[in-house]
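Here the structure is laid out as structure tokens; the discussion comes afterwards.
Remember, it's a predicted structure, so these values are computed and weren't measured experimentally. Every heavy atom of this structure was used, including side-chain atoms; hydrogens, water molecules and symmetry mates were not. Chain identifiers are assigned alphabetically (A, B, ...) following the order of the sequence lines, protein sequences preceding nucleic acid strands; residue numbering begins at 1 within each chain.
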Amino acid sequence: ILGGRTSRPGRWPWQCSMQSDPSGHICGCVLIGKKWVLTVAHCFEGREKASVWRVVFGINNLDHPSDFMQTRQVNRIILHPRYNRAVVDYDISIVELDTEINETSYVRPVCLPSRDQSAQPDTYCYITGWGHMGNRMPFKLQEGEVRIISRDKCQTHFDMKTITSRMLCAGYESGTVDSCMGDSGGPLVCEETGGRWTLYGLTSWGSVCFSKIMGPGVYSNVTHFIDWIEKQIYLHTFLL
Amino acid sequence: CTQTACPVSCSNSSTCFIQGNTTNCSHCEPISLELCLNLPYNLTSYPNYLGHQTQKDASISWESSLFPALVQTNCYKYLMFFACTVLVPKCDLDTHQRVPPCRTLCKNSKERCESVLGIVGLQWPEHIDCTQFPEENADNTSCLMPDQDVEECSPSHFKCKSGRCVLASRRCDGQSDCDDDSDEEKCSCQEQGLWECPSNNVCIKHTMICDGFPDCPDLADEKNCSSCKYNEHVCNNHECVNRSLWCDGKIDCSDSSDEWDCVTLSKTTPSLLTVHKFATEFHVCADEWQDDLSALACQQMGLRGIPITQMVHEPNGRKKWLHLDSNWRHQNVSALQMLLVKGQPCHSRSKVSIVCEKEECGFRPAARMTKR
């Protein structure tokens with residue numbers, strides 16, 4: 001996260017880390033059920049096998065495992081069948097864990113939006129991750145407040161890419177607070193009335209985040225994928 | 001390796017791991033960089049001539065934004081071809097080594113386009129030193145020069161009649177971007193070889209019609225896609241499946257849609273358990289019903305918690321009912337609909353009503369306070 005701040009342990013209990021040897025943390029992810037995690041499809045490019053991955057929950061400092069940490073192996077990776085790596089469209093995947101997590105105040109799922117619930121332009125939401133900070137990679141989870149940007153306005157920042165309905169833009173024209181390499185798959189969450197947090201985006205792509213080219217970040221639009229997510233989880237829980 | 005880890009371009013090479021160096025680890029890979037999908041070659045080798053280790057690095061690089069922007073100025077006919085030869089160098093299938101652009105191509109591109117960049121205060125990419133590339137026809141070296149018919153515009157661009165390249169997203173946007181206005185001609189979907197969503201006039205590819213994924217807001221691209229017989233029901237992907245197989249607990253549609261949404265709750269009060277078996281809605285008879293079956297129903301609907309079960313007496317109910325199979329206790333099944341059968345009497349004349357709880361989600365732990 002660029003322009004963010006270090007997060008308090010446990011503040012984002014749905015944030016998880018997709019890890020693989022020998023690199024360790026590769027992508028962010030989001031807990032949406034006791035056995036189910038969302039991340040983006042591009043994290044699995046070149047690492048498609050479930051057995052090479054582990055998912056770490058309840059962690060703040062990647063370098064110092066905490067007592068609240070839980071680690072699970074990956075049972076199954078479900079990539080969106082329309083994922084297009086050339087244009088990074090339909091960039092979403094569902095990860096089934098080998099066993100359920102134990103829900104604690106440090107490990108807790110986020111809410112998914114309903115089909116008709118979308119993030120409104122000019123509202124303020126949060127992104128989190130262990131991605132690049134512009135000058136270094138952090139050990140501690142970072143958080144940043146970003147503003148949702150309309151698709152039309154976002155398109156003006158990306159002449160070379162089409163912003164599709166599967167994408168959601170958030171950030172600032174000046175790029176002051178933005179996600180960066182290593183944040184991919186992590187959450188963009190907005191607080192609803194009643195203090196409940198809902199997942200609207202998954203960090204997907206953007207400009208080279210610490211280059212001269214600024215602009216908002218582009219997130220996978222979770223609302224667009226709700227039907228697909230629910231049906232995949234149902235299918236793999238009750239029918240297969 | 002000189003670095004602590006193998007470069008990504010070598011990550012699949014056993015040579016890199018075993019011998020600890022990157023020699024001979026180069027390999028050819030298909031071009032995926034959108035900008036360069038219309039080249040006369042389709043395999044590339046990394047790292048490229050700009051120092052990017054992967055196509056992903058190249059796709060988000062400064063240069064991959066710069067060249068397409070520059071190509072719109074029409075500064076050099078073969079600029080995009082040159083840009084692609086350095087962004088995704090051609091891979092020689094025999095040697096697995098990259099093939100460079102010829103020096104002349106590089107020099108022509110730089111001479112004609114560098115000055116345009118200067119106008120807006122930008123510089124020619126410093127990695128591109130034309131002297132690193134061989135001269136055409138030099139001994140024992142091969143290099144790339146454009147053919148006459150090479151595509152001048154990238155796939156992300158529209159070629160104006162005048163030859164200029166403008167962004168494809170600016171075609172048919174109501175404003176002229178070509179100097180001859182040709183980007184605003186023939187703007188109907190049909191004339192672009194696309195299909196038009198009736199409700200919002202958005203054009204979609206023909207391959208997106210009836211593919212099981214709605215692309216038009218009113219789902220028009222997924223309507224009228226199948227003609228099922230009277231005893232069949234249509235799957236989400238437009239296959240036809242016999243109605244008797246609907247919600248039987250086994251997948252019959254190849255996309256499994258015959259087993260989706262089989263268990264729901266009615267919007268009425270009390271909320272009656274409703275099962276969509278045989279493509280028809282049934283209520284469920286309360287005979288032999290147990291709380292763990294209510295829990296299974298709630299789970300199938302994505303809801304958790306301990307459900308509240310009620311038996312709603314309905315002596316004159318005419319709606320079709322399903323009944324628990326007499327053998328249901330001995331069946332090891334994962335979905336409720338597999339346990340239910342029709343055509344049996346409901347002795348209690350009561351229907352099952354359930355109230356499920358929504359799964360707890362989205363709450364953060366309360367901030368701890370400490371005395372100062």
Residue part contacting chain B, namely of A:Arg11, when any heavy atom lies under 4.5 Å: both
Beyond-backbone contact of A:Val110 with B:Phe363, side-chain heavy atoms, under 4.5 angstrom: no
From OG (B:Ser257) to NZ (A:Lys231), nearest 0.5 Å: 7.5 Å
Heavy-atom contact with chain B under 4.5 Å, split by part of A:Pro13: side chain
Exceeds 12 heavy-atom contacts within 6.0 angstrom, atom NE2 of B:His127: no
Chain A contact via B:Asp215 - side chain, backbone, both or neither, heavy atoms under 4.5 Å: side chain
Shortest non-hydrogen contact between B:Gly249 and A:Leu239, atoms and distance: O-CD2, 3.9 Å
A:His80 ring center near B:Phe213 ring center (under 6.0 Å): yes
Within 6.0 angstrom of B:Gln175 CD, more than 12 heavy atoms from elsewhere: no
Cationic N near anionic O, under 4.0 Å, A:Arg82 to B:Asp211: yes
Rounded distance [0.5 Å steps], CD in A:Glu45 versus OG in B:Ser32: 7.5 Å
Residue pair B:Met338 / A:Phe238, side-chain heavy-atom distance below 4.5 Å: no
Contacting moiety of B:Lys56, where chain A heavy atoms sit under 4.5 Å: side chain
Chain B contact via A:Glu191 - which portion, at a heavy-atom distance below 4.5 Å: neither
Residue part contacting chain B, namely of A:Pro81, when any heavy atom lies under 4.5 Å: side chain
Residue from B:Glu259, B:Gln300, B:Gln299 passing side chain to side chain donor-acceptor pair (under 3.5 Å) with A:Tyr234: B:Gln300
Under 3.5 Å donor-acceptor, A:Arg196 side chain and B:Cys361 backbone: yes
A:Glu48, CD atom: more than 12 neighbouring heavy atoms under 6.0 Å: yes
